[in-house]
Amino acid sequence: MTNNQTIDLIAERVEHLLLRHEELARTNDLLRQQVSALAQERDLLKSRLAAARARVDVLIDRLPATPASDTAP
């Protein structure tokens with residue numbers, strides 16, 4: 001193999017690596033966006049769950065208290 005062929009081969013491989021790097025960088029950016037969106041959705045769902053739990057707790061507190069002896073047959 002001559003020097004020119006070796007240099008051409010190395011240049012071709014470097015170009016391929018640069019293209020692959022750009023592709024991976026774009027994929028990484030998309031994945032970061034997805035992670036961010038999912039984190040926001042998770043936080044929203046956690047907030048909604050906490051609000052629902054609070055409403056259930058209020059409803060449970062409003063139930064009349066019955067003595068244990070009243071429930072026995």
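With side-chain heavy atoms closer than 4.5 Å counting as contact, directly or through intermediates, the hydrophobic cluster containing I10 also holds V14, L18. With a 4.5 Å cut-off between side-chain heavy atoms of Ile, Leu, Val, Met, Phe, Trp and Tyr, the cluster of L30 takes in none.
With sequence neighbours excluded, the residues forming a side-chain contact (heavy atoms from CB on, under 4.5 Å) with L31 are T27, Q34, listed by chain and number.
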What pairs of donor and acceptor atoms, side-chain ones from residues 37-61 against any protein atom, are under 3.5 angstrom apart with sequence neighbours left out?
none

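Residue pairs that meet the side-chain hydrogen bond (donor to acceptor under 3.5 Å, both in side chains) test with at least one member in residues 3-22, sequence neighbours left out, are R20-E23.
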